[in-house]
Engineer: 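Let me give you the structure first, and then I'll get to my questions.
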Amino acid sequence: MIRRFKDERDVFFQRRFGLFIHWGLYAIPAWHEQILWRGKIKRKDYEQYVHQFNPIDFNPDEWIDYAEQAGMQYICFTTKHHDGFCLWNTQYTDYNVMNTPYGKDILGMLAEACHRRGFPLSLYYSLPDWHHPNYPNRGRHHEMFGPRPGDDQDSEKYLQFVRNQVRELCTQYGPIYQLFWDVNVAEFHDPSINEMVRSLQPGILINDRGPGPGDYSTPERHVPAGTEFHKPTEACQAFGRESWGYKEDEDYYSHLFIMQSLDRILAMGGNYLLNVGPKANGKFPEENIEALQKIGEWYHSVKEAFENTYPATDLVEKDQMNMTGHIVDRDEVLLTKRDNTVYVHLPRAPQSTSILLKPLDRLPKKAVLLNNQQELEARVDITPWAWKEKPHLRIRNLPVNELTGSVLVIKLEFDDSINE
Ligand code: GLC
């Protein structure tokens, strides 16, 4: 069971699915959000994009519409990525959106729309900074290869800059749901920064990538091993295989792949932050809009399996032996549970039209496939392969040849509680 905070931060366990946005100057070259580093571009050349950034089609309400339609419950926005460019009206560097042809406070516009609509807003902030003269760029990972002429590398001064900027973010943009620090390459250790954030934004959640202890962990682009998380977790995943920022020739994951990872993470008790990299004009890529719709349709049909449930995969056996002692490649099953209701998640396509739930041996009063509301047959019996064993629960008639493009989730309602 995941430990709770026992304070207002417990809202974390209600907000399961969020929209991550990676947006900045890097949307112009449209290759990768770290094009400056991975593309070996000169800093002075990259910084010229500041004179081009003009997202005239940016409409924060449209972004929130897409998120809401997909069933997402919050948005996390890159206020400053590794390139150091700031998407808000900061007084601590000129390298910000006010000095672009666009000239408007993008974060302010997004925050206004979020607060007007009651849509929680989280902020991403990169600790590495490839622009600021005080950041100790030493060629470690996610860092520039060294200082520029005139740089004054000084971690103390840089942390003061971070503190000042984060204070702006926590005082000028209304309530902030989460602070998403990114990659603490320089291993800054200064818990007083998170303490300041908490005093300015009571109830805020802070991730585990910052300069002090955080509230939740952040596995990235993978599903950790196991069947349940033991501490608060928010996994993040991009639609694009290569980049978080907009990439013109991006290779996108299949809708099914995203549904599978989303289902696994949520069924393990984690939350899921799914990323879109808007184009330089502010629009979402067409591929992402379509994927959000498709994944959203699926999510709406099955989301009750995640709401106020907890991971309960321990109810079933991990491995099934056949009579010769060989482990039969078993169907991947994850369970979630609320009171007398058990949800069976099949994040991989089941092998056959039935699913066996050993050692459960009680009949549910109803078995329904949430994807299409189809009622399924449930039996408790002995199957020939397991003829020496006790009877166990079988759920039959899965439309495995029809519903091939999404993750199946079955709802089992029992008369009384199933004990673990
Ligand atoms: C990694 C990437 C970074 C991205 C982040 C999202 O740290 O380096 O570009 O913003 O993941 O979690």
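Heavy-atom basis, side chains included; hydrogens, waters and symmetry copies ignored. Counting convention: from 1, in listed order, for ligands and their atoms alike.
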Engineer: Which atoms of ligand 1 are found less than 4.0 Å from any heavy atom of Y124?
Structural biologist: 10 (O)
Engineer: Among protein heavy atoms, which lies nearest atom 5 (C) of ligand 1, and at what distance?
Structural biologist: D182 OD2, 3.2 Å
Engineer: If you measure only the distance, is there a donor-acceptor pair under 3.5 Å linking the side chains of Y343 and E304?
Structural biologist: yes
Engineer: Which of the numbered atoms in ligand 1 are below 4.0 angstrom from a heavy atom of H81?
Structural biologist: 3 (C), 4 (C), 9 (O), 10 (O)
Engineer: So is R221 close enough to ligand 1, meaning a heavy atom under 4.0 angstrom away?
Structural biologist: no
Engineer: Around atom 1 (C) of ligand 1, find the nearest protein heavy atom and jot down its residue, atom name and distance.
Structural biologist: E220 OE2, 3.1 Å
Engineer: Go through ligand 1 atom by atom and flag the ones less than 4.0 Å from a non-hydrogen atom of H82.
Structural biologist: 3 (C), 8 (O), 9 (O)
Engineer: Between H82 and H142, what is the ring plane arrangement, given parallel below 30°, perpendicular above 60°, and tilted in between?
Structural biologist: perpendicular
Engineer: May I ask you to list the atoms of ligand 1 that are less than 4.0 angstrom from any heavy atom of C236?
Structural biologist: 12 (O)
Engineer: May I ask you to identify, for R209, whether its side chain, its backbone, both or neither come under 4.0 Å of ligand 1 on a heavy-atom basis?
Structural biologist: side chain
Engineer: Take atom CD of E156 as the centre, draw a 6.0 Å sphere, and report whether it contains more than 12 heavy atoms from other residues, nucleotides or ligands.
Structural biologist: no
Engineer: Is the H22 ring parallel, tilted or perpendicular to the F20 ring (thresholds 30°, 60°)?
Structural biologist: perpendicular
Engineer: Give me the nearest non-hydrogen protein atom to atom 8 (O) of ligand 1 as residue plus atom name, then the distance to 0.1 Å.
Structural biologist: Q34 NE2, 2.6 Å
Engineer: With distance as the sole criterion, is a donor-acceptor pair present between the side chains of E168 and N164 under 3.5 Å?
Structural biologist: no
Engineer: Using a 3.5 Å cut-off on N or O atoms only, is H22 in polar contact with ligand 1?
Structural biologist: yes
Engineer: What atoms in ligand 1 come closer than 4.0 Å to a heavy atom of E33?
Structural biologist: 3 (C), 9 (O)
Engineer: Take the angle between the ring planes of F77 and W63 and call it parallel below 30°, perpendicular above 60°, tilted in between.
Structural biologist: tilted
Engineer: Under 3.5 Å, is there a donor-acceptor pair between the Y253 and S261 side chains?
Structural biologist: no
